[in-house]
Amino acid sequence: MHRASRRVLRRCSGYMLFAALFLAPIRARVQLVQWMDGTENCFGERSLYHNLGYWADGPGTLDAACDALAELMARRADIGEGSRVLDVGCGFGDQDSYWVEHFRPAKLVGTDLMDFKVDLARRRAAERLGREAPEFTTCSATALPFSDNDFDAVLSLEASFHFITRADFFAEARRVLRPGGVLVLAEPAPIDGTQPNRVAEYLQRTVVAVPKENLYGASRYQELLGHKGFADIRVESLRDEVYPHYMRYLGRRLADADIVERVNPLVRAMWRGWVEQFDRAGEVAGQDYLLVSAVAR
């Protein structure tokens with residue numbers, strides 16, 4: 001098939017998936033969003049990260065900013081040689097290869113709900129790391145196929161807001177962590193104490209596929225983690241180190257030829273709207289970005 005024809009078909013299927021987000025039940029919606037978060041609809045230069053990145057040290061690219069966020073999470077989890085690490089919601093596995101290269105854990109397993117992501121993560125890690133590549137497996141975040149006390153660290157990078165539910169994931173993370181093991185999350189969340197905008201909340205539940213049970217801010221993370229068997233809970237806002245830099249970067253990136261060529265026009269239009277809203281308001285209204293860590297009791 002001609003390249004242009006393939007592109008048209010891909011975009012048409014993207015339109016249909018996008019429309020289905022407004023009609024499907026939440027479990028189907030989460031999987032539809034995962035399909036839309038394919039290899040075409042990402043904004044990195046060489047990686048397949050689908051993350052916002054950490055920009056405090058002035059990285060020049062999204063790839064570097066996403067590596068910086070992975071670095072921050074690994075240091076918060078105290079990963080090192082001998083660590084047994086689980087990454088839940090691993091996507092295409094860029095952060096997992098980064099952690100293996102830079103922190104040398106004894107064991108690292110990445111999991112994701114979607115087979116196609118796991119398969120590609122496995123192939124890409126093998127090409128990058130050979131025999132040292134991490135393991136990957138398909139499973140639900142709320143039914144992890146591992147024994148109790150199996151890991152020293154559980155990480156989840158911009159994924160747990162999709163889990164049905166995040167609280168159930170907290171319980172599973174506590175089960176597979178040894179006492180003293182660390183859970184670390186990095187992800188967007190509503191700002192504590194803000195009155196939810198009904199339109200924004202609707203778009204979160206539909207276009208972003210966030211279950212309504214997961215729409216809460218920092219104080220609720222602390223409450224739920226305490227109830228699920230964690231202590232030493234830290235919830236840190238990275239809002240100023242994430243959103244302004246990412247939005248300015250994306251405002252430039254959306255015009256690049258490779259993005260125009262491969263990213264679905266609806267995805268580009270959605271992000272363009274958010275960038276323009278940020279340019280007008282000077283902030284991402286109502287949204288925090290949290291780095292969360294907790295120690296298994």
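Side chains of Tyr49 and Asp67: a donor-acceptor N/O pair is present below 3.5 angstrom, by distance only. Counting only N and O atoms by type, the side chains of Ser83 and Asp152 include no donor and acceptor under 3.5 Å apart. Defined by atom type and a distance below 3.5 Å, a donor-acceptor pair is present between the side-chain atoms of Glu187 and Tyr221.
In this structure, Arg166 satisfies the cation-pi test against Tyr216, with its NZ or CZ atom closer than 6.0 Å to the six-membered ring centre and inside 45 degrees of the ring normal. The cationic group of Lys228 does not satisfy the cation-pi geometry with Phe170, failing either the under 6.0 Å distance to the six-membered ring centre or the 45° limit from the ring axis.
Under the salt bridge (charged side-chain N to carboxylate O under 4.0 Å, His left out) criterion, Asp94 pairs with Arg124, sequence neighbours left out.
For the side chain to side chain contact (heavy atoms under 4.5 Å, CB included) criterion with Val176, the lone passing option out of Leu144, Leu183, Val88 is Leu144.
Atom CG of residue Leu48 and atom CD of residue Glu40 lie 9.5 Å apart, to the nearest 0.5 angstrom. Taking OG of Ser160 as the reference point, atom CG of Asn214 lies at 7.0 Å (rounded to 0.5 Å).
Between Tyr246 and Phe278, every side-chain heavy-atom pair lies at or beyond the 4.5 Å cut-off.
Using the six-membered ring where Trp is involved, Trp55 and His245 have ring planes that are parallel, under 30° apart on the 30 and 60° scheme.
Between Asp288 and Arg239 there is no salt bridge, since no side-chain nitrogen of the basic residue lies less than 4.0 Å from a carboxylate oxygen of the acidic one. For the pair Asp279 and Arg272, the salt-bridge criterion is not met [side-chain N within less than 4.0 Å of a carboxylate O]. Using a cut-off of 4.0 Å between Lys/Arg side-chain N and Asp/Glu carboxylate O, Asp258 and Arg262 are scored as salt-bridged. The pair Asp112-Lys117 fails the salt-bridge criterion, with no side-chain N (NZ, NE, NH1 or NH2) lying under 4.0 Å from an Asp/Glu carboxylate O.
Listed by first then second residue, pairs satisfying side-chain hydrogen bond (donor to acceptor under 3.5 Å, both in side chains) with a partner in residues 71-80 read Glu71-Arg75, Glu71-Tyr98, Arg76-Glu236, Arg76-Ser293, not counting sequence neighbours.
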